[in-house]
Novice: 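Sending over a structure as structure tokens; questions will come in a sec.
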Amino acid sequence: MKKGVKIVTIGGGSSYTPELVEGFIKRFDELPIRELWLVDIEAGREKLEIVGAMAKRMVEAAGIDCEVHLTLDRRAALKDADFVTTQFRVGLLDARIKDESIPLKHGIIGQETNGAGGMFKAFRTIPVILSIVEDMKELCPNAWLINFTNPAGMVTEAVLRYGKWDKVIGLCNVPIGAIKSASDVLKKPEEDLFFKFAGINHLHWHRIFDKDGTELTEQVIDGLYAPDANPEKVVENIKNMRFLYEQVRNLKMLPCPYHRYYYMTDDMLKEELEAFKTEGSRGQVVKRLEESLFELYKDPNLDHKPEELSKRGGAHYSDAACEIINSIYNNKGTMMVVSTRNNGAIDDVPYDSAIEITSVIRAHGAEPVNFGKFPPAQRGLLQVMKAMEELTIEAAVTGNYDTALQAFTLNPIVPSGDIAQTVLDELLEAHKEHLPQFFTKVEA
Ligand code: G6P
């Protein structure tokens, strides 16, 4: 018999789990979670046990009545769940390191969410999320799926389009960082500002308005990117390299940090190649960071989220997931930036694609705030990337090599022709174990 709200977290052994637990503890009065199931696979057992023990200590120290279960049995956990959150990484960090390093060895950007690496992460992740959805249909047909596994936009679209599962919301922390940095530049509290975001995950733009309706976007562009500005980083994993001021000013919208990969491709590549030679790829840096985080988590006296977790690029992700769950559970109508089905909110991309947009979160899910049309400068890039996403998702589902090669060719940060094919082939070989759809031949 289930006791109160039941949450299941797949990829529960993640180093981000303490933030999730902290987020639930903070909201316990409004969101009485009685069961939290942290699920992982055999390869993640050790991490699950360490971080799971820490989660239990956190809950105990908070004095809340919530059971924390650790399991490798996903189906047992999913039974009668109310919310399922997903934060897993197929192939663990070693797969990410290959995603980033193989392209870099060929002198091209790897990038684990929007470059060649991100496309491979989609190939590995989409079949798994679709199998989770199939389990949910059977075991918890009324549950919500809150996904923050990357590439979050493509994963959300795969769930909607191929999983035929509507109760899904995808989530990213970039908008949270962007809101904070604008509020710092304007020296105004976030609650006094209105942010209008639209685009897709890791490729959205936003405008900012004051309480009286005055637009403040250009003021923030000046504050962040004018030649004499000195802004903070929005996310830890992307260097705060200056955008070309004149170009960004002309957009009349603020780009997200990932726009640097498209607007300043050569500078980003140069920077990544240099970092690769000295500290390794970002995945290698993160692996070292994770090792020290897990050493901390082993401390039997540690019962709160350590400050060191903020060095990860995904800080605030899990807290935002808790807020979405809270908003659905209590029909709060909170405004959040999420990945959800377009339904015509952005004119320039297909009706049934996932977009990332300012939305109102209620018991029935995310209601996007209508955006309309983008000017050509944004529209062109958005449509290319959306088509690249569609092809990538299709290739992930079908295992069709030609579709994968088209997706590679279309991605603006993957060079086309021979080099695209060489990198595609090498990545396929390197990830063979996790990509059966590309290698299993169905006998006629
Ligand atoms: C950003 C992105 C996330 C991504 C993270 C990577 O915050 O929004 O989607 O997961 O960076 O951070 P990491 O510390 O793993 O490089």
Side-chain angles (χ1 to χ4, degrees), residues 11 13-20 47 85-101 104 109-115 117-122 124-125 129 146-157 169-181 197 199-204 206 232-241 255-261 268 271-272 275-276 279-294 305-321 336-339 354 356 385 389:
S14 158
S15 57
Y16 288 114
T17 293
E19 187 180 278
L20 192 72
K47 283 170 69 183
T85 71
T86 38
Q87 55 180 33
F88 59 91
R89 190 189 286 281
V90 179
L92 312 176
L93 272 173
D94 288 335
R96 170 177 179 177
I97 293 170
K98 290 180 193 165
D99 281 343
E100 295 165 340
S101 310
L104 282 170
I109 288 170
Q111 222 314 307
E112 63 133 5
T113 65
N114 56 352
M119 298 163 85
F120 266 78
K121 194 166 196 303
R124 296 192 300 278
T125 307
I129 198 89
I146 310 297
N147 172 64
F148 33 118
T149 296
N150 270 323
M154 288 196 258
V155 170
T156 305
E157 182 157 325
I169 296 183
L171 172 73
C172 181
N173 65 341
V174 166
I176 301 172
I179 290 171
K180 188 183 164 312
S181 92
F197 284 81
I200 56 176
N201 181 232
H202 290 177
L203 188 81
H204 54 65
H206 65 282
E232 298 166 19
K233 265 191 198 173
V234 169
V235 280
E236 273 303 310
N237 57 312
I238 299 188
K239 294 263 165 9
N240 205 13
M241 211 177 266
C256 80
Y258 283 80
H259 275 98
R260 291 185 176 84
Y261 287 104
M268 288 300 275
E271 197 274 328
E272 285 202 358
F276 187 49
E279 53 185 10
S281 79
R282 173 73 188 164
Q284 285 166 309
V285 172
V286 165
K287 198 168 182 185
R288 292 192 292 270
L289 244 169
E290 275 222 333
E291 277 158 12
S292 53
L293 272 173
F294 275 89
K305 181 186 82 178
E307 184 41 39
E308 285 81 347
L309 187 54
S310 61
K311 297 207 182 95
R312 290 295 308 275
H316 309 302
Y317 248 108
S318 335
D319 195 42
M336 296 186 76
V337 184
V338 296
S339 281
E356 194 161 278
M385 284 299 285
E389 287 195 351

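What's counted below: heavy atoms across the whole structure, side chains too, no hydrogens, waters or symmetry copies. Order of listing sets the numbers, starting from 1, for every ligand and every atom in it. Only a predicted model underlies this, so the values are computations on that prediction, with no experimental measurement involved.
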Novice: Going by the atom numbers of ligand 1, which of them fall below 4.0 Å from some non-hydrogen atom of Gly314?
Specialist: 5 (C), 7 (O), 12 (O)

Novice: With a 4.0 Å cut-off, would you call Arg312 and Glu19 a salt bridge?
Specialist: no

Novice: Using a 4.0 Å cut-off to any heavy atom of Tyr317, which atoms of ligand 1 qualify?
Specialist: 3 (C), 8 (O), 9 (O)

Novice: Among Arg124, Lys121, Arg89, find the residue that satisfies the salt bridge (Lys or Arg N to Asp or Glu O under 4.0 Å) test when tested with Asp99.
Specialist: Arg124

Novice: Taking the side chain as every heavy atom from C-beta outward, state whether Val286 and Arg96 have any pair of such atoms under 4.5 Å apart.
Specialist: yes

Novice: Could you tell me if the side chain of Ile129 sits less than 4.5 Å from the side chain of Phe88, heavy atoms only?
Specialist: yes

Novice: Looking at atom 7 (O) of ligand 1, what's its closest protein heavy atom, distance included?
Specialist: Gly313 O, 2.3 Å

Novice: Hey, is the main chain of Leu289 close enough, under 3.5 Å, to the side chain of Ser292 for a donor-acceptor pair?
Specialist: yes

Novice: For Tyr258, which of Asn237, Asn201, Asn114 qualifies under side-chain hydrogen bond (donor to acceptor under 3.5 Å, both in side chains)?
Specialist: Asn237

Novice: Students should be able to answer this: which protein heavy-atom is nearest to atom 4 (C) of ligand 1, and at what distance?
Specialist: Asn150 ND2, 3.5 Å

Novice: Using a 4.5 Å cut-off on heavy atoms from C-beta on, say whether the side chain of Met241 contacts that of Glu271.
Specialist: yes

Novice: Are a donor atom and an acceptor atom from the side chains of Thr17 and Gln87 found within less than 3.5 Å of each other?
Specialist: yes

Novice: Any atoms of ligand 1 less than 4.0 Å from a non-hydrogen atom of Val286? List them with their elements.
Specialist: 13 (P), 14 (O), 15 (O), 16 (O)

Novice: Tell me, do Lys287 and Glu290 make a side-chain contact under 4.5 Å, heavy atoms counted?
Specialist: no

Novice: Give the contacting part of Glu112 toward ligand 1: side chain, backbone, both or neither, where contact means a heavy-atom distance below 4.0 Å.
Specialist: side chain

Novice: Please work out whether any backbone atom (N, CA, C, O) or any side-chain heavy atom from C-beta onward of Glu236 is under 4.0 Å from ligand 1, and answer side chain, backbone, both or neither.
Specialist: neither

Novice: Parallel, tilted or perpendicular for Phe197 and His206, by the 30°/60° rule?
Specialist: parallel

Novice: Of all the atoms in ligand 1, which lie at a distance below 4.0 Å from a heavy atom belonging to Arg312?
Specialist: 13 (P), 14 (O), 15 (O)

Novice: Specify the protein heavy atom at minimum distance from atom 2 (C) of ligand 1: its residue, its atom name, and the distance to 0.1 Å.
Specialist: Tyr258 OH, 3.2 Å

Novice: Could you tell me which atoms of ligand 1, counted from 1 in the order shown, lie closer than 4.0 angstrom to a heavy atom of Cys172?
Specialist: 8 (O)

Novice: Assess Arg282 for proximity to ligand 1: is some non-hydrogen atom of it under 4.0 Å away?
Specialist: yes

Novice: Which protein heavy atom lies closest to atom 11 (O) of ligand 1, and at what distance to 0.1 Å?
Specialist: Asn237 OD1, 2.9 Å

Novice: May I ask you to check whether Val174 has an N/O atom sitting below 3.5 Å from an N/O atom of ligand 1?
Specialist: no

Novice: What about Arg89: any of its N or O atoms under 3.5 Å from an N or O on ligand 1?
Specialist: no

Novice: So, is Asn173 polar-close to ligand 1, with some N/O to N/O distance under 3.5 Å?
Specialist: yes

Novice: Could you check whether atom NE2 of His259 has more than 12 heavy atoms from other residues, nucleotides or ligands sitting under 6.0 Å from it?
Specialist: yes

Novice: Find all atoms of ligand 1 within a distance of less than 4.0 Å from any non-hydrogen atom belonging to Arg96, and give their numbers and elements.
Specialist: 13 (P), 15 (O), 16 (O)

Novice: What do you reckon, does Thr113 have a nitrogen or oxygen under 3.5 Å from a nitrogen or oxygen of ligand 1?
Specialist: no

